[in-house]
Amino acid sequence: MSTENREQTPSMEGIPEEASRNTLALNPLVGIRGQDLVDSAGVLFKAIVNEPKVAAEQWLSFLGELGSIVAGKSERAPESGDRRFSDATWKESALHGGMLKAYLAWGDAVSGFVDKTSLSDIDKTRAHLVTEILIDAVAPTNAMLTNPAAMRKFVDTGGRSLWHGLKNYFDDLAKNGGMPSMVDQSAFKVGESLATTPGGVVFRNELLELIQYSPTTPNVRKRPLVITPPQINKYYALDLSPDKSMVRFLLDSGIQVFCVSWRNPTTAHREWGLDTYVAALDEAVDVARDVTGSDDISMMGSCSGGITSTAYFATLGSTGQQKIRNMVLAVCLLDPNTADESAFGCLMTPETMRAAKEASRLRGMVDGHELARMFAWMRPNDLIWNYWVNNYLLGNQPPAFDILYWNADTTRLPAGLHGDYLDLYFTNPFVNAGKLTLNSKTIDMSRTRVDSYVIAGMTDHITPWKGVHKTAQIMGEHTTFVLSNSGHLQSLINPPTNPKASFMIGTVHPSGPDGFVAAAEKRKGSWWLDWRDWLHARSGEEVAAPASLGSARHPTLGAAPGTYVFD
């Protein structure tokens, strides 16, 4: 059943959708560690010690504002859309209203202190990261006694809400590393309520399974589409509930669809690097070509899967092989130097990158659950405190939302691949030819020519859209660039039934992203429809849909969603 039809508790209205804009799907160029946050806190502490005059001025300013609040002269109010203070009590009660204004004044004073210090721009950004975490943590909505909705429910339920909240808290201590659960995981099961599109595994090697999906139309386009998902998440983000499934949309459009499902590596696979993944992907592409009888394919890669796909494509271009006719890249940064505007930009320095690489080398892998916890602290209101209030203070169950279930179903990265991705930050091989060699083939994007379709999300905090525009520039003049009106994952899960969808579309603009916005065509609706037409024009002639999956050389090994997705 689609989770959109499930009833949400009033306290969670809109929260799952907001949280889904900040899903993991991490850009693996980021080597985020707890130590980086500790170091940022150290920057703030040194500023307080070294600039006491600035600190004192901000403190006196805060005390003056408190006087205005007590006198009823303060006009402070939360930002529009801040759901934390949507309860009417914050406006109707003088006590709660004063508490809210004092909290906002204190936050402004702390933030203002950072702005007025003599710290460098990068250190100010790091200090702001720490102060924002601190300010969000001490919001009055996060405490039982100062949250009017929590107190009202405590009274209405005779204290049962507090009992349920304590039970949820101890369950999360035991099962979720002490973090508030974002989703009711009992509501979903992969292969039954998610990833249900019929298909079969037609190839399996040590790194991946290749799923061929069953056609839904009597005729199909001969050239297939092979989808390469990120390695840090499970593949089925593109095959969630049927009404959101990109795979089903493509099948209903007459496209033959194959999808890679990566194996979840362990420390035993620590040596798997980008070259290993590229070689495995080449095997999968050859299988798709054999099964469909097509000389070449179209390939789609999203986020880190787009980096892997492009690296593979570039190795083919350097040897003159023609296996890939069209490339589709979604929320993918090929130039790591354009990632500075991301949620992690202030933590991305050569020192942190080298430290992250060494840490993963020693451990043998990077745990996706640990990355998710660190990422949550980058956006705590959306990814921590909303659930703290809902699960613990109100005693509600976390929401049942398919995107958030997928987000919690993280994987690991082998140290070799993580290190190779981090090295891209230094070598930038998709911009600087000859800086990367994979399986004896040198990457040189200037020697590749292909029609490309590149998608970015306007509110994407993981792969900022202006950086993705640079990806489109790297892919060359035969590139269509789409800027969707949503975030990282939601820019992909954007079916035609989405009433809020809109996008900009055009060619790559030589003057950069601002020039693109000025010249682009604005459209209502989902970009999926334009992409369908783009694929139709580049997927060859119509042929009869295959009566069965696989081929004589590659028979089906089992039904979709395969076995690797359960690792």
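Atom set for the values below is all heavy atoms of this structure, side chains included, hydrogens, waters and symmetry mates excluded.
Atom-to-atom distance recorded for Arg263:CZ and His269:NE2 is 4.0 Å, nearest 0.5 angstrom. Distance check, rounded to the nearest 0.5 Å: OH of Tyr213 to CG of Leu251 gives 8.5 Å. To the nearest 0.5 Å, atoms CD1 (Ile462) and CG (Leu333) are separated by 10.0 Å. Annotation: the span from Cys259 atom SG to Glu209 atom CD amounts to 11.0 Å, rounded to 0.5 Å.
Identified under the salt bridge (charged side-chain N to carboxylate O under 4.0 Å, His left out) test for residues 170-190, with sequence neighbours left out: Lys167-Asp171, Lys189-Glu192.
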Task: From CA spacing to verdict: side-chain contact (heavy atoms from CB on, under 4.5 Å), Asn142, Arg84 - done: CA-CA 9 Å; Asn142 296 338; Arg84 295 177 298 171; 5.6 Å; no
TODO: Would you check, one step at a time, whether the test side chain to side chain donor-acceptor pair (under 3.5 Å) holds for Thr197 with Asp239?
DONE: CA-CA 7 Å; Thr197 302; Asp239 187 28; 2.6 Å; yes
Open item on the list: Apply side-chain contact (heavy atoms from CB on, under 4.5 Å) to residues Tyr392 and His164 and explain how you reach the verdict.
Closed with: CA-CA 7 Å; Tyr392 307 153; His164 292 315; over 6 Å; no
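Electrostatic pairing of Arg248 and Asp243 does not count as a salt bridge here, judged by no charged N lying under 4.0 Å from a carboxylate O. Salt bridge absent: Arg412 and Asp367 never bring a charged side-chain N and a carboxylate O closer than 4.0 Å.
Aromatic rings from Trp388 and Trp385 are positioned such that their centres are separated by under 6.0 Å. Taking the six-membered ring where the residue is Trp, the centroids of Phe249 and Trp528 are separated by under 6.0 Å.
Residues Ala195 and Tyr235 approach most closely at CB-OH, 4.0 Å, considering heavy atoms. Between Leu394 and Ala150 the shortest heavy-atom distance is CD2-CA, 3.6 Å. Between Leu334 and Gly306, the closest heavy-atom pair is CD2-O, 4.4 Å. Closest of all the heavy-atom pairs between Leu208 and Leu281 is CD2-N, 4.0 Å. Between Lys222 and Thr292, the shortest heavy-atom contact is O-CB, 4.1 Å. Nearest heavy atoms, Gly301 versus Ser309: CA-OG, 3.7 Å.
If you check the side chains of Tyr312 and Asp282, you find a donor sitting under 3.5 Å from an acceptor. No hydrogens or angles considered: a donor-acceptor pair under 3.5 Å links the side chains of Gln231 and Ser304. Looking only at atom types and distance, the side chain of Arg221 has no donor-acceptor partner in the side chain of Ser294 under 3.5 Å away. Judged purely by distance below 3.5 Å, without hydrogens or angles, the side chains of Ser491 and Ser486 never pair a donor atom with an acceptor atom. Counting only N and O atoms by type, the side chains of Lys244 and Asn494 include no donor and acceptor under 3.5 Å apart.
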Can you give me every donor-acceptor pair (side chain of residues 273-280, partner residue at least two apart or in another chain, under 3.5 Å) with its distance?
| residue | atom | partner | partner atom | Å |
| --- | --- | --- | --- | --- |
| Thr276 | OG1 | Gly273 | N | 3.0 |
| Thr276 | OG1 | Gly273 | O | 3.4 |

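The shortest side-chain heavy-atom distance between Val190 and Pro561 falls under the 4.5 Å cut-off.
Ring geometry, Phe203 versus His554: the interplanar angle exceeds 60°, so the pair is classed perpendicular (tilted spans 30 to 60°). Note on ring orientation: taking the six-membered ring where Trp is involved, the planes of Tyr405 and Phe188 are tilted (angle from 30° to 60°). Ring geometry for Phe481 against Phe516 counts as perpendicular: the plane angle is over 60°, on a 0 to 90° scale with 30° as the lower cut.
The neighbour count for Arg325 CZ, taken as heavy atoms of other residues, nucleotides or ligands under 6.0 Å away, does not exceed 12.
Cation-pi check for Arg523 over Phe503 is not met; the charged atom does not lie both under 6.0 angstrom from the ring centroid and within 45 degrees of its normal.
Under the salt bridge (charged side-chain N to carboxylate O under 4.0 Å, His left out) criterion, Arg223 pairs with Asp296, not counting sequence neighbours.
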